[in-house]
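Bear in mind that the values here come from a model prediction, so they are computed numbers and not experimental data. Per chain, numbering begins at 1; letters A, B, ... match sequence-line order.
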Amino acid sequence: MRFEAPETLDAAVTLLHGEAGLARPLAGGTDLLVQLRAGAVEPDLIVDLKRIPEMRQIAAVDGGFRIGAAVTGAELGEHPDLKKAWPGVVEATELIGSTQIQGRASLGGNLCNASPAADSVPAMIAAAAAVTVAGPDGRREVPVEEFIAGPGQTCLAKGEIVVAVNLPPRPDHAGDAYLRFIPRTEMDIAVVGAGVSLTLDDGGLCTHARVALGAVAATPILVPAAADALIGTNGDEDALTRMAEAASAACRPIDDKRGTKAYRIKVAGVMARRAAEIALERARSC
Amino acid sequence: MSRQVSATINGDAVDFLCEPEETLLDVLRDRLALTGSKEGCGSGDCGACSVMLDGRLVCSCLVLGAEAEGRVIETIEGMADGKGLHPLQRHFLEQAALQCGICTPGFLVAAKALLDRDPEPSETEVRYWLAGNLCRCTGYDKIVRAVLSAAAEMREA
Ligand SMILES: Cc1cc2nc3c(=O)[nH]c(=O)nc-3n(C[C@H](O)[C@H](O)[C@H](O)COP(=O)(O)OP(=O)(O)OC[C@H]3O[C@@H](n4cnc5c(N)ncnc54)[C@H](O)[C@@H]3O)c2cc1C
Ligand code: FES
Ligand code: FES
């Protein structure tokens, strides 16, 4: 195995693209090193992305945010403007692992590892985030909900890297939230995760909503029917009940030691509803 | 192929050779004889290998040695100042916050990272901050009390 730590994106792409064997980018290493040590992956080349300045910066762009793919969870949590605009995305990222894991884990890594239960992904999907991908043929933008192809599988071609996560501008009266269900209070993998982002008009009617779920299908999923149940309402009991039913109906979960299918389907509705209540509260107060 | 890495460890400039797949924990323990950091799990779950990397608390079992080039690392070996123990170390001893001691260096490094940024954490904050440090002996309560009383002493000093 070789290790390289280039200082430019071009150099990183060239290295990854030019490697004849298996090449892996490295961000925080909290998935990759576990897999390396378990012998689950045996790369010929590891390319550390953390010395590329663009990958480490959070920038306010056109009213939204551009978050370098290797920015850590701890850094996101320390960014007051980002936290104010996108509390749901930040709280989802901060749920990843312990303090130690937060010191390293990145949004890019969480997304590219492509676990169905990755915590930040439903929050990014609800937020209508898109990632900037750089590769040998230049750059392209991919909506987060189209990025993951299956468990451990992404849409990245050889030599491609996620450079940044782009969060759109936030209008007034907008709020987002992410909740996950785990049997303990810390350090566990989601049984269900739910992200909701919505916007209200001046009269408190929901004009825009997105609902996404994690750990209930082979990939995190966007659930338009759940969003539709909220749009045009003021988030009343009836709307919340219908949105919870739509969330449950969209689940295609597996049975595993963390939960049965039936349990996950039920809990997905409950989590989506509670996340919507928090997002509504946040939207009303700004 | 092994490579030469230069880093600052506990304030000293240190050069070491390491293989690309070697972790920072392996480098510290096997190459630099800094055996205070422990390997409990090797998968980021137990925190026994906790060190500071450029001012951030991390699991050194999930850092490659080669990543340390030019970085600043602090380990448990740098905690006491040579003459006396750090208040956290003293309170751990005085309050029996350890039994076998395997988890202790990790808890101390992690607790110091907390008190350096928040001198007055609540008990809940201490428990959440330390959720990535596992202890099979003490039941955690004495550890949490030791951190809180060390914090109180440090605020008065
Ligand atoms: C103890 C522990 C607890 C955890 N708890 C949680 C949890 O609660 N929730 C959760 O969702 N996850 C959890 N994880 C998993 C992991 O921490 C997260 O998925 C994290 O976000 C991964 O980010 P990273 O920067 O460490 O990625 P890395 O390990 O560096 O990379 C992950 C994968 O993505 C690829 N990659 C990384 N960055 C890029 C990029 N920019 N472009 C292209 N490919 C890239 C790598 O090649 C690798 O395949 C936990 C892990 C541990 C060890
Ligand atoms: S040895 Fe690193 S976390 Fe357990
Ligand atoms: S004192 Fe034995 S593991 Fe903590």
### Query
So B:Cys49 and A:Gln100, side-chain contact (heavy atoms from CB on, under 4.5 Å) or not? Walk me through it.
CA-CA 10 Å; B:Cys49 63; A:Gln100 285 86 338; over 6 Å; no
### Query
Can you list the steps and then say if A:Phe3 with B:Glu21 is a side-chain contact (heavy atoms from CB on, under 4.5 Å)?
CA-CA 8 Å; A:Phe3 174 89; B:Glu21 46 277 311; over 6 Å; no
### Message
Within the 4.5 Å heavy-atom criterion, are B:Pro20 and A:Met1 side-chain neighbours or not?
### Response
yes
Can you confirm whether more than 12 heavy atoms, excluding those of [X], are under 6.0 Å from its [atom1] atom?
X	atom1	answer
A:Lys158	NZ	yes
A:Arg274	CZ	no
B:Glu125	CD	yes
A:Glu7	CD	no
A:His17	NE2	no

### Query
Where on A:Leu26 is there a heavy atom nearer than 4.5 Å to chain B: the side chain, the backbone, both, or neither?
side chain
### Structural part of A:Gln35 lying under 4.5 Å from a heavy atom of chain B
neither
Which pair of non-hydrogen atoms, one from [X] and one from [Y], has the smallest distance, and what is that distance?
X	Y	result
B:Arg56	A:Ala74	NH1-CB, 3.4 Å
A:Arg104	B:Leu62	NH2-O, 3.0 Å
B:Glu67	A:Arg51	O-NH2, 3.1 Å
A:Ser98	B:Gly132	CB-CA, 3.4 Å

### Task
Quick one: which of B:Gly106, B:Ala131, B:Ala113 has the most heavy-atom pairs under 4.5 Å with chain A, could you say?
B:Ala131
### Query
Hey, which of B:Cys61, B:Gly47, B:Ala110 has the most heavy atom pairs under 4.5 Å with chain A?
B:Cys61
Answer with side chain, backbone, both or neither: which region of [X] has an atom nearer than 4.5 Å to a non-hydrogen atom of chain A?
X	answer
B:Leu114	neither
B:Val63	both
B:Arg127	neither
B:Glu69	both

### Message
For the CG atom of A:Leu33 and the CG atom of B:Leu64, what is their distance to the nearest 0.5 Å?
### Response
4.5 Å
### Query
Is there a donor-acceptor pair closer than 3.5 Å between any side-chain N or O of B:Ser43 and the backbone N or O of A:Val34?
no
### Task
In plain terms, say whether B:Glu39 and A:Arg37 are close enough for a salt bridge, that is, a side-chain N and a carboxylate O under 4.0 Å apart.
yes
